[in-house]
2 protein chains.
Amino acid sequence: MEKIRVLIVDDHPMVLEGMKALLSNFEYVTVTSTACNAYEAIDKLKAYPVDIAIVDINLPEVSGIELTAKIKKEFPAVKVLAMSTFKERSYISQMIQNGASGYLVKSASKDEIEAAIVSANEGKLYLSLDINTTDVNTESIPQIPVVSRREKEVLQLIVDGLTNPQIAEKLFISLHTVDSHRKNLLAKFNVSNTASLIRIAIKYNLVNT
Amino acid sequence: MEKIRVLIVDDHPMVLEGMKALLSNFEYVTVTSTACNAYEAIDKLKAYPVDIAIVDINLPEVSGIELTAKIKKEFPAVKVLAMSTFKERSYISQMIQNGASGYLVKSASKDEIEAAIVSANEGKLYLSLDINTTDVNTESIPQIPVVSRREKEVLQLIVDGLTNPQIAEKLFISLHTVDSHRKNLLAKFNVSNTASLIRIAIKYNLVNT
DNA sequence: GGTAAAATCCCCCGAAAGCGTGATTTTTTA
DNA sequence: TAAAAAATCACGCTTTCGGGGGATTTTACC
């Protein structure tokens, strides 16, 4: 039997290493390459063909969701396993809709990971157990708002501690525009101040810290 | 040869699991118990004697540094291995001064972890390789300011998105007092706005997110 | 090539945050 | 028990933030 070739995509080195270590326990799996962002992932896919790509949902710049769509478009044979960060479990259905073959929580056990990989490799759909159990009411899944590219930039600069005038100067736009973006962000995140905004942004890994 | 009994203390479930998985590769090591905070760690130590405690530096409420001191005081035979979060590597010397037998970055390889455990078990001092190399200039280690108990409370509420008036009401103190605490926090963190304050607080795990 | 979404710009105003500079009281600890 | 640290309260002032309205121009996509 040939080994299942795997690409791991995650911006957290720790997770990358951890997953690699876990996968090394399975003789029939080989981690062909790893990537820490979407662009690198595409490059690696071109250079080293794989059977399965394990993709973190929250990636910087281009999200795992977009990456999944791109992978399924350019490399339809590659199965995508979605993986979510520590606390949030959103976007799952979007990933599935984009063609993901399964979903893993990062706290998944060795057995769960094995099951996910085997399922994906066989073309089946795998979902982490606790999704089926605890998320019966799918509306309980926290909604991560869709943030546009520009909004993401502004958000990052807010987290970086810049004031609106500073952001305006940096992005070569009017203070009013920054203000609009900021207001839209507050509305989208459904919060009323910078503090909550930053907390959520960091929690859902929407910014670089 | 008897197995080395290990306790892992970390508030990140992922790290706990990852470390457990990694340690399971060593036949002569057994993870006796795990804990996600200092109190639980002490309880577990009383219930299940171990040889080595792997302690995360940044723990909620009681830090890993304080925990290390407590462990060395109450359980002098237990070797403590300090472990730091993803990006920061502070407090190391303090941990060592408090009796830690070594220091690990969380991104450490299997080999490094093995070396650390073996060293610690033999009573030697182990430091992650990249500490010796990259942190030659120890003054480059970011200083995490000492935050008093009350300040920590205020900080948590700021991160929770409360305004100063709300915090004052919640803590039954004057708005002026909250303002003072906030000002002291900004000064201690050497930042000039809430955004940066929260970013650092979360980065160094000084608050619950 | 039309339309929706994103990005841009504008104004007002009150509330909150931030800065400076104090002081007093309580608690901790050497 | 005395000194140090923490916690409390106070005032005036400036800047920024946040909420409420808008409007116009690019992009992106079907």
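Lettering follows sequence order; numbering is per chain, from 1.
- A pairwise comparison of heavy atoms in A:Ile198 and A:Ile158 identifies CD1-O, 4.3 Å as the closest pair.
- Looking at B:Glu153 and B:Arg149, no side-chain N of the basic residue comes within less than 4.0 Å of a carboxylate O on the acidic one, giving no salt bridge.
- Residue A:Arg150 places at least one side-chain N or O under 4.0 Å from the OP1 or OP2 atom of C:dT8.
- Contact between the side-chain N/O atoms of B:Asn164 and the OP1/OP2 oxygens of C:dA17 is found at a separation under 4.0 Å.
- In this structure, A:Lys152 places its NZ atom 13 Å from P of C:dA6, rounding to the nearest Å.
- B:His176 places its NE2 atom 10 Å from the P atom of D:dG12, with the value rounded to the nearest Å.
- Taking atom CG on B:Leu197 and atom C1' on C:dG18, their separation rounds to 12 Å, with Å as the unit.
- Atom CG of B:Leu185 and atom P of C:dA17 are 13 Å apart (whole Å).
- Rounded to whole Å, the distance from CG on B:Leu155 to P on C:dA17 is 14 Å.
- Under 4.0 angstrom from either OP1 or OP2 of C:dC9 there lies no side-chain N or O belonging to A:Ser180.
- The separation between B:Asp179 atom CG and D:dA7 atom P is 16 Å, rounded to whole Å.
- Between the CD1 atom of A:Ile198 and the C1' atom of D:dT16 there is a distance of 14 Å, given to the nearest Å.
- B:Asn193 comes within contact range of the sugar-phosphate backbone alone, with a heavy-atom separation under 4.0 Å but no base atom that close.
- Distance, A:Asn190 CG to D:dG18 C1': 14 Å, rounded to whole Å.
- Across B:Leu162 and B:Lys170, no two heavy atoms sit closer than the pair CD1-CD, 4.0 Å.
- Residue B:Ser192 places its side chain closer to C:dC19 than to any other of D:dC17, C:dC19, D:dG19.
- Candidate nucleotides D:dG19, D:dC17, C:dG18 were compared by shortest atom distance to the side chain of A:Arg182, and D:dC17 ranks first.
- More than 12 non-hydrogen atoms from other residues, nucleotides or ligands lie less than 6.0 angstrom from CD of A:Gln166.
- Between the side chain of A:Lys183 and the base of D:dG18, no donor-acceptor pair of N or O atoms lies under 3.5 Å.
- A sub-4.0 Å separation between OP1 or OP2 of C:dG18 and a side-chain N or O of B:Thr194 is present.
- B:Thr177 comes within 4.0 angstrom of a nucleotide base, judged by non-hydrogen atoms across all strands.
- Of all the heavy atoms in B:Gly161 and A:Ser196, the pair that sits closest is CA-OG, 3.3 Å.
- Taking every side-chain heavy atom of B:Leu186 into account, C:dG18 is the closest of C:dG18, C:dC10, C:dA17.
- A close approach under 4.0 Å does not occur between any side-chain nitrogen or oxygen of A:Thr163 and OP1 or OP2 of D:dT15.
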